[in-house]
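When a ligand or atom number is given, it counts from 1 through the structure's own listing order.
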Amino acid sequence: MKQKLIAGNWKMNGNLAANESLIRALLAAVQQPVATVAVCVPSVYLAQIQHLLAGHPIDLGAQDISAHEAGAFTGEVSGAMLKEFGVRYCIVGHSERRQYHAESDALVASKTQRALASGITPIVCVGETLADREAGKTEEVVKRQLAAVIHENGHCISEIVVAYEPVWAIGTGKTASPEQAQQVHAVLRAQLKAASSQAERIQIIYGGSMNAVNAAQLLAQPDIDGGLIGGAALKAADFLTIIDAAR
Ligand code: PGA
């Protein structure tokens, strides 16, 4: 059985003091984790968190990556830069970036490629809005988003992580039911299988108001290989409970 991946998405939260106490609380409890654990932090804090995590079994992640290798791209952070700070995972195509920064499927596919080329595992986010779901378009939307990534990345697709994050569940306290999530994960799994003989080992994780109470049920679904956790990743006790639920 593949290990589950529990990744925290801190979004634009934290400060030096709060980061340190959160990481110290996690490290005190996570000694031999039963799951792969990562924290995806704001890029200005990568050096701080890299230092705190050194020698410990929690991986470092970033929240975005430039589609470009280097050059005149003010404000962007390259894959090579992330790699220098020990970044192992990078969230790509989060719905907040698709929505507030107009990231297209094509751009998300290019960022995925840039992460892979930099030796960083992209956590590629897909998910439908409430309007999409109500219009019966959930499958169509997530398949279109994933197809763009598969198209540009070919056989390297087996190296990615996919995060199914229904937009209506993010930060709202409304979680997809385990059955709803499993249904979409199965669709994504089938799509990956059609593209890669290695699809079985690709981790498909769920995100969207996963918390200490609902994690165990979601993680028990056959195609849910972990979680991408926003709000609950900022509270050590909650994040630790979720990690524990991934055994
Ligand atoms: P949430 O965020 O857990 O706060 O809903 C998840 C995410 O956006 O990755």
Numbered in order shown, the ligand 1 atoms found under 4.0 Å of a heavy atom of K11 are 2 (O), 7 (C), 8 (O)
Atom 3 (O) of ligand 1: closest protein heavy atom, distance to 0.1 Å, is G230 N, 2.9 Å
Any heavy atom of A232 under 4.0 Å from ligand 1? The part involved is neither
Ligand 1 atoms nearer than 4.0 angstrom to some heavy atom of H94 are 7 (C), 8 (O), 9 (O)
Return yes when atom CD of Q48 has more than 12 non-hydrogen atoms of other residues, nucleotides or ligands closer than 6.0 Å, and no otherwise. yes
Within 4.0 Å of some non-hydrogen atom of S209, the atoms of ligand 1 are 1 (P), 3 (O), 5 (O)
For R98 and E103, run salt bridge (charged side-chain N to carboxylate O under 4.0 Å, His left out): C-alpha distance rounded to whole Å, both residues' side-chain angles, the deciding distance at 0.1 Å, then the answer. CA-CA 4 Å; R98 292 182 189 259; E103 292 199 5; over 6 Å; no
For L228, the ligand 1 atoms with a heavy-atom partner under 4.0 Å come out as 6 (C), 9 (O)
| query | Under 30°, 30 to 60°, or over 60°: which ring-plane class applies to Y164 and H185, parallel, tilted or perpendicular? | reply | perpendicular
**OP:** Evaluate the salt bridge (charged side-chain N to carboxylate O under 4.0 Å, His left out) criterion for residues R189 and D223: first the C-alpha distance (whole Å), next the side-chain angles of each, then the deciding distance (0.1 Å), finally the verdict.
**Re:** CA-CA 8 Å; R189 177 86 62 207; D223 285 299; 2.9 Å; yes
Does A163 have a non-hydrogen atom less than 4.0 Å from ligand 1?
-> no
For ligand 1, which is the ligand I care about here, please tell me if E96 has any N or O atom under 3.5 Å from one of the ligand's N or O atoms. no
Nearest non-hydrogen protein atom to atom 4 (O) of ligand 1, with distance, is G231 N, 2.8 Å
The atoms of ligand 1 lying under 4.0 Å from a heavy atom of G208, numbered in the order shown, are 5 (O)
Do other residues, nucleotides or ligands put more than 12 heavy atoms under 6.0 Å from E76 CD?
-> yes
If hydrophobic clusters are built from ILVMFWY residues whose side chains come within less than 4.5 Å, do F239 and I49 share one?
yes
Exercise. Would you say ligand 1 has an N or O under 3.5 Å from any N or O of G207?
Worked result: no
- Electrostatic pair E159:R201 at N-O distance under 4.0 angstrom: yes
- Query: Going by distance only, is there an N or O of E165 that falls short of 3.5 Å from an N or O of ligand 1?
  - Reply: yes
### Backbone or side-chain N or O of G171 under 3.5 Å from ligand 1 N or O
yes
Here the atoms of ligand 1 under 4.0 Å from any heavy atom belonging to A169 are 5 (O)
- Query: Would I65 end up clustered with V44 when hydrophobic side chains under 4.5 Å apart are linked, directly or stepwise?
  - Reply: yes
Open item on the list: Closer than 4.0 angstrom, basic N to acidic O: yes or no for K137 and D132?
Closed with: no
Honestly, for I170 the part within reach of ligand 1 (heavy atoms, under 4.0 Å) is both
Considering only NZ, NE, NH1 and NH2 on the basic side and carboxylate oxygens on the acidic side, decide whether E140 and R144 come within less than 4.0 Å.
-> no
